[in-house]
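Since the structure is predicted, the reported quantities are computational estimates derived from the model, not experimental observations. Convention: sequence-line order gives letters A, B, ...; per-chain numbering from 1.
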Amino acid sequence: LVSYTTLIDGHCKNGSLEEARQLFGRMIELGISPNEFTYTAMMNGCFRKGLRNEGMQLYDEMKFAGVVPNLYTYNSLIAEYCKGFNLNPAFQLFDEMRQRGFAPNAVTYNILIGGLCRQRKLKDAEKFLAKMRREGVVPSIVTFNLLMNGFCKSGEMGNAVKLLDRMKDGGFSPTAVTYNVLISGFSRSADLVGAASAFKEMKMRGLVPTKVTYTILIGAFARGGDSERALEMYRSMESYGLQGDAYTFGVLIHGLCTEGNMKGAMDVFRSMTSKRLKPNNVIYDTLIFGYCHQDNAFRALKLIREMRENGMVPNIGSYGMTIRLLCKEGKCKEAEVLLNEMRVAGFLPN
RNA sequence: AACCCCGAGA
């Protein structure tokens with residue numbers, strides 16, 4: 001039972017839900033009954049893939065089979081509702097679990113605080129933190145990181161910094177994530193001085209910048225139209241032995257595309273393959289966006305073809321921009337082919 | 001063995 005559950009969870013975290021489903025079916029055939037661990041792992045696998053209904057169906061099956069949902073099960077369900085901005089059912093489950101005798105833990109509160117922050121309900125999030133303390137549940141560093149991210153996303157950098165001081169006073173040590181949140185907040189507010197000073201403080205505290213830290217910094221330069229320094233930052237990251245991933249390349253490519261430097265963007269794009277990184281649909285859509293802004297329908301179309309050959313689906317914007325360009329160039333036939341492709345892919349042409 | 005925080009495009 002434990003081995004199956006471990007394997008199932010591994011596949012779910014890998015994104016191989018199909019493999020997980022097969023193992024789940026096989027264990028039942030072999031007469032091994034899934035327990036609350038197995039069901040919760042499977043439910044999370046579905047939720048990660050955006051398959052809420054399938055996950056909820058598993059929850060029903062679980063109850064039907066007489067397996068009692070526990071704290072983790074409730075946390076997973078609450079997280080799923082928060083992710084979808086459905087705070088009411090999330091709080092209903094919070095009440096339900098308490099009625100059934102499950103005491104919410106820090107993770108439960110964190111999930112709900114994160115949900116409130118995502119909805120920009122920062123006052124409510126702070127109130128909920130107060131409630132958490134009243135109930136005797138000790139906040140974790142994650143609690144503070146979530147709240148700080150809420151402030152940062154709302155552009156309230158003053159409150160974010162105040163919270164940093166509050167947490168330090170409370171004896172919580174900021175982590176690399178804490179600083180990543182702050183740095184991205186500053187750079188989103190176009191405050192590169194603030195971002196730089198947070199970066200400095202991070203290093204002074206002995207925290208090691210991660211791939212995410214560098215991606216945020218690269219993005220800050222790229223957004224400011226300084227791809228030169230963004231590339232410098234990338235090289236500096238590599239010099240510390242950190243490998244960029246699709247996100248890192250995504251911000252670099254986006255910066256170059258926005259500047260209209262398609263040659264530079266394609267160089268970076270090609271360097272991904274030499275690093276054995278598979279460009280994903282976001283990277284392709286970014287490049288298509290860039291080429292369309294250069295009125296280069298030929299290249300955009302080529303990339304759309306390449307995506308399809310690799311099993312990816314361009315987004316509606318990529319189709320729309322390319323079709324418009326083709327029409328402008330009088331290539332109506334090609335445009336119609338694309339329009340048809342869109343319909344087949346399930347998009348409603350706008 | 002299962003639950004929470006940070007980074008890219010439209």
> Tell me: CZ of F128(A) to C1' of rC5(B), nearest whole Å?
Replying inline: 16 Å
> Between L87(A) (CG) and rC4(B) (C1'), how many Å, whole number?
Replying inline: 15 Å
>> Within the 4.0 Å heavy-atom criterion, would you say R48(A) contacts the bases, only the backbone, or no part of the nucleic acid?
In response: sugar-phosphate
> Can you tell which of rG7(B), rA1(B), rG9(B) lies closest to the side chain of N35(A)?
Replying inline: rA1(B)
> Which nucleotide in the list rC4(B), rG9(B), rA1(B) gets nearest to the side chain of H254(A)?
Replying inline: rG9(B)
> Does the side chain of E96(A) pick up a donor-acceptor pair with the side chain of Y74(A) at under 3.5 Å?
Replying inline: yes
>> Could you tell me how far apart R324(A) (CZ) and rA10(B) (P) are, to the nearest whole angstrom?
In response: 14 Å
>> Classify A246(A) by what it touches in the nucleic acid, base, sugar-phosphate, or nothing, heavy-atom distance under 4.0 Å.
In response: base
>> What contact category does T40(A) fall into here, base, sugar-phosphate, or nothing, at under 4.0 angstrom with non-hydrogen atoms?
In response: base
>> Between S236(A) and S239(A), do the side chains contain a donor N or O and an acceptor N or O under 3.5 Å apart?
In response: no
> Taking OP1 and OP2 of rG7(B), is either one under 4.0 Å from a side-chain nitrogen or oxygen of K153(A)?
Replying inline: yes
Atom pairs and distances, donor-acceptor, side-chain atoms in residues 157-173 of chain A, under 3.5 Å, two or more places apart:
{"unit_1": "N159(A)", "atom_1": "ND2", "unit_2": "E156(A)", "atom_2": "OE1", "d": "2.7"}
{"unit_1": "R166(A)", "atom_1": "NH2", "unit_2": "E126(A)", "atom_2": "OE2", "d": "2.8"}
{"unit_1": "K168(A)", "atom_1": "NZ", "unit_2": "E201(A)", "atom_2": "OE2", "d": "2.9"}

> Between rA1(B) atom P and N70(A) atom CG, what is the distance in whole Å?
Replying inline: 15 Å
> Which nucleotide, rG7(B), rA2(B), rC5(B), lies nearest any side-chain atom of E36(A)?
Replying inline: rA2(B)
> Whole Å only: how far is the CE atom of M62(A) from the P atom of rA2(B)?
Replying inline: 15 Å
> If you check every side-chain atom of Y247(A), which of rG7(B), rC3(B), rA1(B) has the closest atom?
Replying inline: rG7(B)
> So, do F94(A) and Y109(A) have ring centers that fall under 6.0 Å from each other?
Replying inline: yes
>> Any base atoms under 4.0 Å from V251(A), or only sugar-phosphate, or nothing? Heavy atoms, all strands.
In response: sugar-phosphate
> Looking for any heavy atom pair under 4.0 Å, which part of the strands does K13(A) touch: base, sugar-phosphate only, or nothing?
Replying inline: sugar-phosphate
> Can you check the M202(A) CE to rC6(B) P distance for me, whole Å?
Replying inline: 15 Å
> How many Å lie between CD1 on I304(A) and P on rA10(B), as a whole number?
Replying inline: 16 Å
> Is there a donor-acceptor contact under 3.5 Å linking the side chains of T73(A) and T40(A)?
Replying inline: yes
> Once you round it to whole Å, what is the distance between P of rC5(B) and CG of N180(A)?
Replying inline: 14 Å
> Which nucleotide in the set rC6(B), rA10(B), rA2(B) lies at the smallest distance from any side-chain heavy atom of N315(A)?
Replying inline: rA10(B)
> Is the F289(A) ring parallel, tilted or perpendicular to the H254(A) ring (thresholds 30°, 60°)?
Replying inline: tilted
>> Of the listed nucleotides (rC3(B), rA1(B), rC6(B)), which one gets closest to any side-chain atom of S184(A)?
In response: rC6(B)
> Given T6(A) and S3(A), is the side-chain hydrogen bond (donor to acceptor under 3.5 Å, both in side chains) satisfied, shown in steps?
Replying inline: CA-CA 5 Å; T6(A) 310; S3(A) 309; 6.0 Å; no
> Quick one: side chain to side chain contact (heavy atoms under 4.5 Å, CB included) partners of S16(A), sequence neighbours excluded?
Replying inline: H11(A), N14(A), E19(A)
> Got a donor-acceptor pair under 3.5 Å from the side chain of N75(A) to the base of rA2(B)?
Replying inline: no
>> Base, sugar-phosphate or nothing for N149(A)? Non-hydrogen atoms, less than 4.0 Å.
In response: sugar-phosphate
> Hey, can you pull the residues of residues 212-229 of chain A with a non-hydrogen atom under 4.0 angstrom from RNA chain B?
Replying inline: V212(A), T215(A), I216(A)
> Out of rG9(B), rA1(B), rC5(B), which nucleotide sits closest to the side chain of N281(A)?
Replying inline: rG9(B)
